Amino acid sequence: MSNSVDLISKTAYLKFEQCQKAFFFYKRHPYLRDKISVDKQLTFNRGHQVGELAQTLFPGGTDVSKQTKNSAEALALTKTLVENKTPVIYEATFSFNGALIMLDILCLENEKYTAYEVKSSFKISEIYLKDACLQYYVLKNALPNLEDLFLVTLNQDYVLENELNPKKLFKKRSVKNESEKNLPYFENQLFNAQLTLEQNKIPNIAIGKQCFKPYQCDYFGNCWKETVADNSIFHLPGLDKEKLFEWYNSGIRTVDEIGKEHDAKEIIYKIKQAYFENKPIVDKEKITTLLSTIKQPMAAMDMEMWGPAIPKINGTKPFEQLPYLVCFFDGTTHSTIFIDYTKDERRTFAEQLIAHSKPFASILVYDGTMEKMVINSLIRLFEDLKNDLEELKNKFTDLFEIFLEFSYYDPAFKTNFSLKTVSGVLLKDVTYTKITSGLEAMAYYDNFRNEPKTVERKIIKQELIDYCQTDTLATFKLTEFLQGIL
DNA sequence: GGCAGAAACCAACATAGGCC
DNA sequence: GGCCTATGTTGGTTTCTGCC
């Protein structure tokens, strides 16, 4: 194998930090990777968009990735650009001691280089810092005149006013101090990583907490295929990984192997009983109490939010949530509020929300946390609508409580109580077609806003409405299901 | 009344799970 | 990614209790 193939990219290195086995798979058996989820892909896409916007902080740069096909070419082109004292380079590529890095932005000022690594978040996590320190390590050794490396993040306090101002939208923090302290660490870790590859065999590492931190591993499906039995302890809800692996490492694999001596929470023994009897936990008394708060006429409600990382509407901040779609379902008919947001239309939204909900005495929701948050923010904006909006909140009956408090628990839920999971287990006739998550809906709404063709816009809008209506249908049917078992 | 140890309390932080 | 809630852990402080 040639040398360039064994260069350790930043991604590969971070895998090594998480788990040597994951790193080995990444480098030698990439085909074992799990399929990337839609939600994960959307998060990546957002990151790229924010990265591109950050380039406008230092305009006119040469983009190495757009002019090269592989890392060897990227390294060569970067070398030339640096030699020619190119003032701004995007995706500048360097390698040192077997590590390969690409920098979002590299700027030459007064004969010295400053690098910028962009993150589409407010906070700098531990993993971001490590990531940046590695880049600093390589850069320090590959570039003789490095001034500093900054992590660039979104500014939580930025409010859009007319024209987007990237200088205020982003904030930066130097990682020079941390990086300088950690230079020997990376030297050592890169040596170990190379060693792992040279061994040429899959590192013998058992599943453990590292499979989840800082991210769920891409090779999860491969390593965990032995533990997918229905009654695996890993399908028990509410347990922390510490406890689970304590049990796992002492030989416990299935729910029925958990004994009184294992000092689990009471609910775990109840679930064990549910597995044994092959029937769900049902606390009719608690379910009755919750359902008795429902008054007729009732309707299920669901809201969709749009929260772009880069604010698009005047007066909003990064990631600020704007409600754009609400559906009500009363058992026979659906009603819908849909807002285009060509400008700040929250007032219109609030008024329509009040009007649409007025006819109902009870509003069924599934985890109404977000809805309550939205209503609270509307109250802050429009003091005069306070009474109506408070009244709406008071009409809520939240079915989520039943599942969260284990008043109804079917082992098939495993660790998951989302509306999608619960309705998937308990209801036969609720299916999601095009859009399958709130995050995906948000991306569709972006497409809707950017789509110039009227016909296309109409199609996307209908898909969004279908998704929202399906959630209300599920919530409504779930209520009927629960009423039916009492 | 003074003291040590236990119990109770609190704030901060982490984890799990939800929504978008 | 952001944000919320519920729950558990930890460490520190305050209060209670029993005993001399």
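Keep in mind it's a predicted model, so treat the numbers as computed, not measured.
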For dT15(B), does either OP1 or OP2 sit under 4.0 Å from a side-chain N or O belonging to Lys243(A)?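 Negative; the distance criterion is not met.
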
Could you tell me whether the phosphate oxygens of dA16(B), OP1 or OP2, come under 4.0 Å of any side-chain nitrogen or oxygen in Gln216(A)?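 For Gln216(A), the contact criterion (side-chain N or O under 4.0 Å from OP1 or OP2 of dA16(B)) is not met.
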
Considering only [options], which nucleotide approaches the side chain of [X] most closely?
{"X": "Lys420(A)", "options": "dC20(B), dC19(B), dC3(C)", "result": "dC20(B)"}
{"X": "Tyr366(A)", "options": "dC19(B), dC20(B), dG17(B)", "result": "dC19(B)"}
{"X": "Lys241(A)", "options": "dC3(C), dA16(B), dC19(B)", "result": "dA16(B)"}
{"X": "Asp367(A)", "options": "dA16(B), dC19(B), dC3(C)", "result": "dC19(B)"}
{"X": "Lys213(A)", "options": "dC20(B), dC19(B), dT15(B)", "result": "dT15(B)"}
{"X": "Met373(A)", "options": "dC4(C), dC20(B), dA16(B)", "result": "dC4(C)"}
{"X": "Thr369(A)", "options": "dC3(C), dC20(B), dC4(C)", "result": "dC4(C)"}
{"X": "Thr415(A)", "options": "dC19(B), dC20(B), dG17(B)", "result": "dG17(B)"}
{"X": "Asp240(A)", "options": "dC19(B), dC20(B), dT15(B)", "result": "dT15(B)"}
{"X": "Phe122(A)", "options": "dC3(C), dT15(B), dC19(B)", "result": "dC3(C)"}

Sugar-phosphate only, base, or nothing, as touched by [X] at under 4.0 Å among non-hydrogen atoms:
{"X": "Met370(A)", "result": "base"}
{"X": "Glu401(A)", "result": "nothing"}
{"X": "Asp471(A)", "result": "sugar-phosphate"}
{"X": "Pro318(A)", "result": "nothing"}
{"X": "Gly307(A)", "result": "nothing"}
{"X": "Leu419(A)", "result": "sugar-phosphate"}
{"X": "Asp302(A)", "result": "sugar-phosphate"}
{"X": "Phe403(A)", "result": "nothing"}

Taking CG in Asn387(A) as the centre, count heavy atoms belonging to other residues, nucleotides or ligands within less than 6.0 Å. Is the count above 12?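 At most 12 heavy atoms, drawn from other residues, nucleotides or ligands, come within 6.0 Å of this atom.
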
Hey, which sits more toward the 5' end of DNA chain B by its nearest nucleotide, Asp39(A) or Pro237(A)? Pro237(A)

Could you state the atom-to-atom distance from [atom1] of [X] to [atom2] of [N] in whole Å?
{"X": "Glu126(A)", "N": "dA14(B)", "atom1": "CD", "atom2": "C1'", "result": "13 Å"}
{"X": "Tyr445(A)", "N": "dC19(B)", "atom1": "OH", "atom2": "P", "result": "22 Å"}
{"X": "Asp398(A)", "N": "dC19(B)", "atom1": "CG", "atom2": "C1'", "result": "11 Å"}
{"X": "Leu244(A)", "N": "dG17(B)", "atom1": "CG", "atom2": "P", "result": "9 Å"}
{"X": "Gln321(A)", "N": "dG2(C)", "atom1": "CD", "atom2": "P", "result": "11 Å"}
{"X": "Lys265(A)", "N": "dT9(C)", "atom1": "NZ", "atom2": "C1'", "result": "13 Å"}
{"X": "Leu154(A)", "N": "dC3(C)", "atom1": "CG", "atom2": "C1'", "result": "15 Å"}
{"X": "Tyr467(A)", "N": "dC20(B)", "atom1": "OH", "atom2": "P", "result": "4 Å"}

Quick check with a 6.0 Å cut-off and a 45 degree axis cone: is Lys168(A) positioned over the face of Tyr158(A)'s six-membered ring?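 No, Lys168(A) does not lie over the aromatic ring of Tyr158(A).
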
Flag for [Y]-[X]: side-chain donor and acceptor within less than 3.5 Å:
{"X": "Thr114(A)", "Y": "Asp148(A)", "result": "no"}
{"X": "Thr293(A)", "Y": "Thr397(A)", "result": "yes"}
{"X": "Asp466(A)", "Y": "Gln462(A)", "result": "yes"}

Would you mind telling me which residue lines up with the more 5' stretch of DNA chain C, Leu439(A) or Leu404(A), judged by nearest nucleotide? Leu439(A)

Check the angle between the aromatic planes of Trp224(A) and Phe212(A) and answer parallel, tilted or perpendicular using the 30° and 60° thresholds. perpendicular

Considering the options Trp306(A), Tyr445(A), Phe448(A), which one meets the ring-ring contact (aromatic ring centres under 6.0 Å, His included) requirement together with Tyr324(A)?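 Exactly one candidate clears the test, Tyr445(A).
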
